Structures are given as structure tokens and as C-alpha cells.
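First up is the structure itself, then whatever we jot down about it.
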Amino acid sequence: MEHFLEFGFVCIENCFDTSPGSVAHRWVEESWARNGLDPDDPSSWPADKIHMPNSESALVSEMSPKALAAMGELCGGQERIQEGMRWSNGFIANYGWGRDEEWKSPSVESPGWHVDGDSFVHFLDSPELALLVVVIFSEIRPRGGGTLIACDSPGIVARCLAEHPEGLEPGGQIPVKELVSQCRDFRELTGKPGDVVLLHPFIIHASSYNHLPVARFMINPPPRLKEPMRFERNDGSAYSVVERSILNALGKKSYDFRIATPRRKVVPARIARQQALLEQEKARLGAG
Ligand SMILES: O=C(O)CCC(=O)C(=O)O
Ligand SMILES: [Fe+2]
């Protein structure tokens with residue numbers, strides 16, 4: 001977990017079964033027909049990514065106790081994470097997004113930097129996103145569409161949120177462009193099917209161009225905390241690794257943080273988009 005504190009992420013290998021006959025393997029196989037694509041003809045794939053809707057899911061406690069245990073280690077114990085977490089076949093499938101653009105190493109200029117959590121107003125202690133999780137279903141090699149991350153962003157975002165106890169709305173109010181311009185350590189996530197990458201909930205990240213004829217399948221299912229994070233624990237309970245990383249970024253041993261407006265949800269445009277895709281899938285499979 002030292003790696004997580006230093007770089008904002010840790011890769012846990014071989015977290016779930018992806019061999020033929022497994023649920024994960026079947027979800028990937030089925031995704032081709034769901035999207036109306038031929039797995040054997042990369043030239044026919046869209047130069048794009050598709051955020052697929054969910055049509056099937058499984059309990060993480062059954063699919064990957066190993067990943068769940070690792071999430072618990074970072075969040076101060078599995079008992080602090082909301083139960084019943086599920087993983088699904090709602091892949092973010094990158095078939096070749098940016099295939100026709102020039103490849104550039106990840107940098108401040110890379111397009112699409114953001115923090116996750118488009119459905120709630122963000123506070124330093126928000127419980128809605130305990131970690132950013134990247135569950136990998138296909139081999140991801142360099143330049144193969146692996147998520148870009150700014151490893152030094154969590155502390156920068158933490159200091160920004162500490163200055164805004166009134167909360168910041170996703171999209172508009174979080175000054176991602178300005179924050180990412182302070183970052184220096186940009187990387188591309190690579191991995192193998194069955195790997196799970198656990199990242200800091202504040203990490204600034206982006207999709208990357210896929211210049212390989214290999215489709216990239218992953219999901220980003222958000223674990224949720226039962227209670228907001230705490231930066232003053234006077235009752236003898238332990239700070240989680242994530243809480244400690246935030247305190248480190250603020251240069252504090254403890255921090256009296258209080259939200260200044262009530263927590264609230266926002267409705268993301270993504271929901272309507274995915275509903276439309278689900279209708280299209282149904283029509284396509286019904287017709288086939
Ligand atoms: O496509 C990726 O690698 C990242 C996608 C992502 O960050 C998102 O959908 O929020
Ligand atoms: Fe994201």
C-alpha cells in the first residue's frame with residue numbers, strides 16, 4: 001500500500017477468473033454481438049469507444065474476494081464499504097478511439113482529463129466514491145487505450161477540495177484544467193485480464209487513444225463508503241490509507257473538515273445516453 005500512497009494507484013494482479021467458461025470471459029465474448037461488431041475484423045471497428053450499458057452483473061464478493069479485500073485495506077476495512085457491490089458487463093470498450101490521430105505521450109495537453117463522480121457534489125470527505133477502480137477484462141499494452149493517469153494529482157485535488165467546504169459540482173466547478181497543469185507524473189495504465197487497479201478517488205485521469213488492433217475492455221464500478229471520510233479520529237478508530245493520503249497532502253496530522261452545504265446529487269447526461277444504447281441493443285439482438 002506504500003505504492004498507493006506514493007503514486008495514487010496500486011495494481012492487484014489475478015483478481016478474477018477470465019478463462020473460457022468464466023462469467024468475465026462470456027461477458028467479453030457477448031459484447032461483440034451486443035455492439036454489432038466482428039471480433040476478427042479490426043478494420044471494421046469504430047475509431048471510438050463505447051460506454052456500454054449494464055445488462056448483467058455479479059456480486060464482487062463472489063467474483064473477486066481478492067479485489068474486495070484490497071479495497072478494504074485502502075478504505076480502513078471492508079466494513080466501511082457499502083455492501084452488495086456488483087461488477088457488470090457495462091464495458092467501456094475502446095475499439096480504436098483516436099486511431100487516426102498522432103500518438104503523443106500523456107501530458108497536460110492530452111484530451112479529456114477529469115475526476116470521476118458525475119452524480120454528486122464533491123467534498124473533501126465525500127462517501128460516494130471510495131476509490132476509482134479499473135477492472136481489466138482484456139490485455140492492455142502501451143498505446144492500447146489504457147487509461148491515462150496523473151499520479152501526482154490526488155494531493156492537488158485534495159488541497160482544492162479542502163478550500164471548498166461549500167462543495168464543487170462535477171464538470172463545471174472542479175477546475176480540472178488548472179489542477180492538471182500542476183501535475184508532472186503522467187502514465188498510461190497497462191495490465192492483463194483479471195487485473196484490478198485501485199486508484200485514489202481524487203485521481204485525475206483520461207481515456208487514451210488506442211493505436212493497437214486490440215479492443216480494450218474495462219469497467220469503472222465505484223465502491224461507496226457507508227459514512228463520509230473522517231480527518232479527525234479522536235475515538236481511537238484508524239485512519240484509512242485514503243484518509244491518510246489526504247492528510248499527508250494537506251500537511252496535517254488531523255483536520256477539522258466540515259461541509260458548508262448539504263450533500264446533494266446531480267443527474268448526469270450519461271444516464272439518458274445509456275438508456276438509448278440499451279434500447280438499440282435490444283432492437284439489434286431481437287432482430288438477429
Ligand atoms: O476509457 C478510459 O480509459 C477511462 C474512462 C473514464 O475515465 C470514464 O469513463 O470516466
Ligand atoms: Fe473517469
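Bear in mind the structure is a predicted one, so any value in this text is a computation, not a measurement. Order of appearance sets the numbers: ligands from 1, and atoms from 1 within every ligand.
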*Any side-chain heavy-atom pair from S207 and W97 closer than 4.5 angstrom?*
yes
*Does a donor on one side chain and an acceptor on the other come within less than 3.5 Å for H205 and D116?*
yes
*State the atoms of ligand 1, each with its element, that fall below the 4.0 Å cut-off from a heavy-atom position in D116.*
10 (O)
*Which ligand 1 atoms are under 4.0 Å away from a heavy-atom of H205?*
7 (O)
Side chain, backbone, both or neither: which part of [X] has a heavy atom under 4.0 Å from ligand 1?
X    : answer
N94  : neither
T147 : both
L148 : neither

*Are there more than 12 heavy atoms of other residues, nucleotides or ligands under 6.0 Å from atom CD of E30?*
yes
_Within 6.0 Å of CD in E83, more than 12 heavy atoms from elsewhere_ =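 At most 12 heavy atoms, drawn from other residues, nucleotides or ligands, come within 6.0 Å of this atom.
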*Closest protein heavy atom (residue, atom, distance) for atom 2 (C) of ligand 1*: S207 OG, 3.1 Å
*To which protein heavy atom is atom 9 (O) of ligand 1 closest, and what is the distance rounded to 0.1 Å?*
H51 CE1, 3.0 Å
*Gap separating the CD1 atom of I246 from the CG atom of L161, nearest 0.5 angstrom*: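 Result: 8.5 Å between the selected atoms.
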*Take the Fe ion (ligand 2) as the vertex and measure to NE2 of H205 and OD1 of D116; round to 10°.*
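Seen from the Fe ion (ligand 2), NE2 and OD1 are separated by roughly 90°.
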*State whether the shortest distance between N or O atoms of R216 and N or O atoms of ligand 1 falls below 3.5 angstrom.*
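Yes; at least one N/O pair falls below 3.5 Å.
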*If you draw the axis of the six-membered ring of F7, does the NZ or CZ of R187 fall within 45° of it and under 6.0 Å from the ring centre?*
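Satisfied, under 6.0 Å and within 45°.
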_the Fe ion (ligand 2) to H114: nearest N/O/S atom name_ =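 Among the N, O or S atoms of H114, the one closest to the Fe ion (ligand 2) is NE2.
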*Are I81 and F16 connected in a single hydrophobic cluster, I mean Ile/Leu/Val/Met/Phe/Trp/Tyr linked by side-chain heavy atoms less than 4.5 Å apart?*
yes
